[in-house]
Asks: 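Structure provided below as structure tokens; questions to follow.
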Amino acid sequence: MTVKAHIKRHDTDILILGTGGAGLFGALHALQSAPMHTKVTIAVKGLIGKCGCTRMVQGGYNVALGNGDTVERHFMDTINGGKWLPNQDMAWRLCTEAVTRIHELENEIGCYFDRNPDGTVHQKAFAGQTADRTVHKGDLTGIEIISRLMEQVLARPVEKLQEHRAIGLIPTVDGSALSGVLFIDMRSGEFHFVRAKAVLMATGGGPTMYKYHTPSGDKTMDGLAMAMRLGLPVRDMEMVQFHPTGLLAGDHTRMTGTVLEEGLRGAGGHLVNHQGNRFMFDYSDRGERATRDVVSRGIYAEMRKNNDPSQVGMFISMSHLGPDNVRKKFAGMVKRCEDSGFDLAAGQVEVVPTAHYFMGGVVVDAETRTSLEGLYVAGEDAGGAHGSNRLGGNGVANSTVFGGIAGDNMGLDIRKMRALRDPDETVLQAELDRALYPLSKPTGNLHQLRQNLQEAMWDDVGVMRTRAGLERGLQRIADIKAELLETGVNGDNLGFNMTWHDWMNLSSLLDVSDVICRAALSRENSRGAHYREDFPEPGSLENSYFTVARQDGDTVDVKHENVEFTIVRPGETILPEGEPETLVGEHA
Amino acid sequence: MDLRLYIAQRVSAMVMIPLVFAHLGVMIYAIQGGVSAGEILSRTQGSVFWFLFYGVFVVSVSVHGAIGLRTILSETFRFRSLTLDAIMWTFGLVSIFMGARAVSAVTWL
Amino acid sequence: MPREFVISGLRLFWSTAIMNEGFSEAPQRLVEDKKDTILSMTNETTKMSVKVWRGDKSSGSYQTFEVPRQENQTVLDVVTWIQQTQDPNLSYRFACRVGMCGSCAMMVNGAPRWTCRTHVNKVLDGDTLEVAPLRNLPVIKDLVADMDPFFDKWVDAGGHHAPSASRYDDMPKISSDEPERAEANKSIECINCAVCYAACDTVAQNPDYLGPAALQRAWTLLNDKKVDDHDAVLEKVSGKGGCHNCHSQGSCTLYCPNGLDPMRAIAGLKSATIKRALKRGG
Amino acid sequence: MIKTHRNHPLWYAYALHRISGLALVLFLPAHFYVLSLALTQPERLDGFLHWTEIPAVKFAEFGLVFLLSAHLLGGLRLLALELLPWSPKHKTLAALAASGAVLISGTFLLNAV
Ligand SMILES: Cc1cc2nc3c(=O)[nH]c(=O)nc-3n(C[C@H](O)[C@H](O)[C@H](O)COP(=O)(O)OP(=O)(O)OC[C@H]3O[C@@H](n4cnc5c(N)ncnc54)[C@H](O)[C@@H]3O)c2cc1C
Ligand code: HEM
Ligand code: SF4
Ligand code: F3S
Ligand code: FES
């Protein structure tokens with residue numbers, strides 16, 4: 001079947017992809033810093049503010065607001081948590097700017113974060129932090145942040161392209177700058193090319209290529225796949241964070257993989273195996289209260305010991321804390337479990353580590369600029385700020401901080417960019433052809449292919465890795481890719497054709513999975529989220545390096561670059577002498 | 001409906017609360033007794049109290065009913081806003097006029 | 001016969017008068033009761049018959065699919081299964097799959113619901129399920145509704161904070177226990193899913209009506225100490241489509257999947273607007 | 001099972017209030033007309049009042065009384081719900097007042113029939 005594709009074209013000044021914390025802050029700040037009458041367009045795969053992961057933030061937002069805590073302490077926690085791999089300038093920017101951003105959220109955007117009885121902001125400590133630092137609104141912090149941001153943006157004169165999926169970043173002919181972005185208007189199935197002087201890519205990463213994953217369904221790594229096709233360098237691609245307690249409810253339900261909050265373990269919840277025994281103390285002195293990576297590996301190891309195929313996960317058990325107490329303290333979680341048929345308060349809920357956050361991303365500087373003029377990247381799409389591991393609470397801080405910075409910079413930079421840039425029409429055509437490709441193939445079982453990928457990543461590129469496993473994973477990914485190219489989609493009606501988009505989702509996921517696997521192979525040590533059973537040692541901190549992958553046509557090249565310790569060196573600290581190691585007492 | 005109509009409707013409703021209670025009482029009493037025109041009139045004619053009672057009642061019920069009718073016509077029967085206002089005013093005024101005639105018939109000397 | 005008529009009438013009013021007393025809790029209780037009985041229902045049927053609305057803006061009809069029952073199965077899972085295995089052209093919308101984004105609401109057996117967290121057991125009628133796009137909104141295709149009118153009204157109702165301080169000022173000291181803040185907190189966790197909007201017949205009948213969610217947002221602003229101009233908030237909800245159109249039908253509160261109570265919030269706006277008008281007048 | 005989102009008491013209360021209001025509005029002009037007969041033609045009013053002895057008419061009349069009291073109570077309920085400040089104490093009071101009113105007028109009505 002041949003589809004005659006017509007491309008609608010139109011222009012704007014500033015174009016933003018995605019409406020998570022990064023995209024929405026990008027839009028608001030661009031409006032503030034750009035000259036009058038600058039046209040700002042926001043394009044998103046779902047509805048404005050109603051997709052992506054910022055909405056799903058539960059725990060909260062890390063920011064040092066005094067009471068002994070300092071930006072320096074937040075910074076040191078971030079560097080230590082990232083096992084010395086973070087880009088220190090970015091981490092510093094994150095910690096300093098978070099202070100301004102949280103005030104902006106409260107005072108200008110209209111969020112309200114929970115308070116102490118005396119009216120000051122309440123802060124708690126996530127695992128891995130040395131101060132009570134996490135600002136929150138109950139356990140639905142993301143809803144407060146994103147709803148308030150969304151309504152601010154909706155009330156402003158921004159051009160809104162909802163359910164517009166970005167499918168290609170289109171450079172100029174000489175490749176020195178970005179011209180614009182090619183979209184599919186998902187509602188009609190039409191192609192749409194938008195030229196812009198400055199583009200913010202904030203599509204939010206999201207490791208949904210794993211069998212168990214927490215991010216929202218719209219996130220399929222499209223951004224990173226597009227950036228890689230353009231040959232942009234991406235870093236830390238092996239760094240996939242697993243949350244230890246994802247709900248396990250069967251293959252047939254989308255609920256599987258969704259997160260059971262960290263607070264359950266913090267409050268004294270037990271993890272037990274199918275014999276009913278606690279096992280976490282076999283893996284760590286801190287038992288269930290160890291950090292995410294440690295608990296994830298504990299559960300994973302325990303799962304491997306168990307050979308009963310009908311019994312996959314481990315269990316989280318809260319009932320010893322008193323069912324009524326649990327019901328009161330974790331009302332939201334209890335209700336969510338109940339909706340899918342589980343009794344969290346009095347019974348046990350089966351859990352499994354679940355892919356949660358992607359530390360890797362496009363190489364940017366602390367100003368969100370990339371190596372391509374006109375392209376800015378912020379939020380989970382950008383690599384560097386977290387190094388090998390993200391602290392709970394640093395994710396939404398990262399997206400709101402750098403989204404705002406990107407907006408500021410785009411608004412300023414476009415003053416120097418007089419004219420819109422013309423696209424390389426051959427790249428435009430190639431991207432269009434990519435999207436149309438499946439319509440010319442016989443239809444097949446896409447869903448099965450996606451499951452195959454998810455199994456492959458979970459088995460071979462997951463919580464614990466080995467050379468043999470990674471090599472097998474690489475092969476499995478290649479096989480699935482080949483199969484995908486033979487599997488088509490019925491294109492009779494391209495309007496809101498979710499199966500067509502599933503094909504493209506899978507294509508993005510495969511491209512990124514391949515690079516994750518290669519980066520993981522190249523790092524022969526274990527740092528943060530990356531754990532090699534064949535190389536369990538972290539390697540020398542002094543000679544820390546990060547991986548940088550670059551795609552060139554069909555080949556991917558992974559290099560190592562040394563971390564520049566621009567602010568602090570391993571073994572040192574920027575905290576004043578005599579500062580206690582931690583301000584957090586062991587919680588009861 | 002906007003704030004003005006809303007207030008007018010609620011205020012007239014509140015005014016009518018005691019009036020309706022009394023009216024219901026009178027009716028029950030009257031029905032039980034089996035009334036004639038003469039009986040009604042002998043009680044009410046020439047009474048300033050009943051004149052004021054029914055006078056206020058007529059004005060309130062006209063205002064209240066007219067606004068209520070407007071709401072129903074607009075929501076349930078999808079009338080457009082110009083027609084709506086015309087009907088509301090017509091109903092209200094006709095109702096006040098007819099009501100005034102009735103009150104004067106019942107309470108005038 | 002008239003006596004019975006009166007007595008049943010009295011019962012009705014007795015029951016609504018009682019609802020008056022605890023009207024924020026009572027409708028919730030209704031939902032809970034229903035759920036208890038239904039969850040205890042055993043899962044004997046292995047298949048169910050699912051009628052799904054197919055069509056676009058202009059026309060459409062129901063199409064029936066046989067779908068296998070599963071233990072932990074939400075309505076979203078049912079729709080997903082149909083798209084993945086039976087008809088790749090079926091359109092629907094979802095994002096978070098855990099009740100946080102409000103993208104997935106549909107009419108399920110005649111009532112609006114978030115589908116990602118509606119267990120099939122809870123709504124199955126015998127062995128049939130009927131799924132349609134959310135009511136009171138234009139249809140884009142199949143189960144996908146166009147939510148723009150809902151958000152346009154959110155904006156029209158003044159539903160966003162007008163800053164009175166800047167990012168360089170301190171955060172205001174407002175304890176979570178202050179009565180006004182507590183009041184705002186009760187309504188603030190709205191996920192803008194438009195379930196209430198679909199449940200409300202006033203929305204269906206009056207195209208100007210701003211609807212429960214948008215008005216409820218205005219109520220939170222009115223109770224927000226950080227908002228300087230409370231008069232402006234009230235002004236926005238006093239116009240043609242404002243809070244005074246609400247007839248306290250209560251469907252919004254009954255169906256809100258998050259247990260919020262827009263009916264109560266709107267009542268709050270009504271009385272606040274009157275108080276303000278009286279103050280002005282006097 | 002009725003497949004509708006309307007199947008709950010508050011919605012029925014709303015519908016009853018609307019229907020009773022509409023019926024009252026339609027009845028109002030007739031009511032005024034009949035009363036004003038007293039001025040012009042008292043004998044016709046008498047004739048009319050006799051006419052109301054007929055059971056069917058009596059029933060219709062009863063219906064009106066019912067609708068008026070139904071509307072009254074529904075209105076009281078709405079006013080309380082919308083305008084009273086809602087400390088739980090107040091809500092209880094409002095509910096008591098409304099239901100007290102139901103009882104009293106209900107008794108009267110039952111006596112009347
Ligand atoms: C369940 C859960 C809980 C979390 N809890 C916390 C927490 O407590 N604290 C914390 O700090 N972090 C938390 N995180 C992490 C945090 O949510 C994210 O890191 C952060 O919100 C990412 O923001 P973002 O703006 O980069 O991306 P997102 O918010 O994910 O937004 C991405 C946007 O891009 C759009 N998009 C994607 N692809 C395309 C395309 N091709 N074209 C157009 N648009 C596209 C998406 O639809 C979406 O609108 C949590 C994450 C999850 C999943
Ligand atoms: C004490 C007596 C009365 C009280 C307390 C009362 C109260 C109310 C209230 C509060 C409403 C608003 C309902 C809403 O917006 O949902 C209303 C509506 C209405 N009333 Fe009354 N009312 C009374 C008497 C009457 C009478 C005598 C009539 C007849 C003319 C009448 C006709 C109407 C109509 C037609 C409506 C509109 C119904 C609707 O919007 O659904 N009312 N009343
Ligand atoms: S009030 Fe409830 S039903 Fe209405 S939009 Fe908000 S969360 Fe949804
Ligand atoms: S359903 Fe509608 S009429 Fe009012 S109480 Fe809720 S908004
Ligand atoms: S998918 Fe987000 S609320 Fe259902």
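Since this is a predicted model, take the numbers as computed values, not measurements. Order of the sequence lines fixes the chain letters, A, B, ..., with proteins taken first and strands second; residue numbering starts at 1 for each chain.
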Asks: Tell me, for B:Tyr6 versus chain D, whether the close heavy atoms (under 4.5 Å) come from the side chain, the backbone, both or neither.
Replies: side chain

Asks: Which one of B:Leu69, B:Val58, B:Ile72, B:Val94 has the most heavy-atom pairs closer than 4.5 Å to chain D?
Replies: B:Ile72

Asks: If a pair satisfies salt bridge (charged side-chain N to carboxylate O under 4.0 Å, His left out) and one of its residues is in residues 18-33 of chain D, list it, with sequence neighbours excluded.
Replies: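 Every salt bridge (charged side-chain N to carboxylate O under 4.0 Å, His left out) pair that includes a residue of residues 18-33 of chain D, provided the two are not neighbours, is B:Glu75-D:Arg18.
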
Asks: Is it the side chain or the backbone of D:Leu22 that comes within 4.5 Å of chain B heavy atoms, both, or neither?
Replies: both

Asks: Test: side chain to side chain donor-acceptor pair (under 3.5 Å). Region: residues 57-73 of chain B. Which pairs qualify, not counting sequence neighbours?
Replies: B:Ser12-B:His64, B:Ser62-B:Ser95, B:Arg70-B:Asp85

Asks: Measure the CZ-CG distance between B:Phe91 and D:Leu28 for me, rounded to the nearest 0.5 Å.
Replies: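 B:Phe91 CZ to D:Leu28 CG: 5.0 Å, rounded to 0.5 Å.
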
Asks: Is the B:Phe57 ring parallel, tilted or perpendicular to the B:Phe53 ring (thresholds 30°, 60°)?
Replies: perpendicular

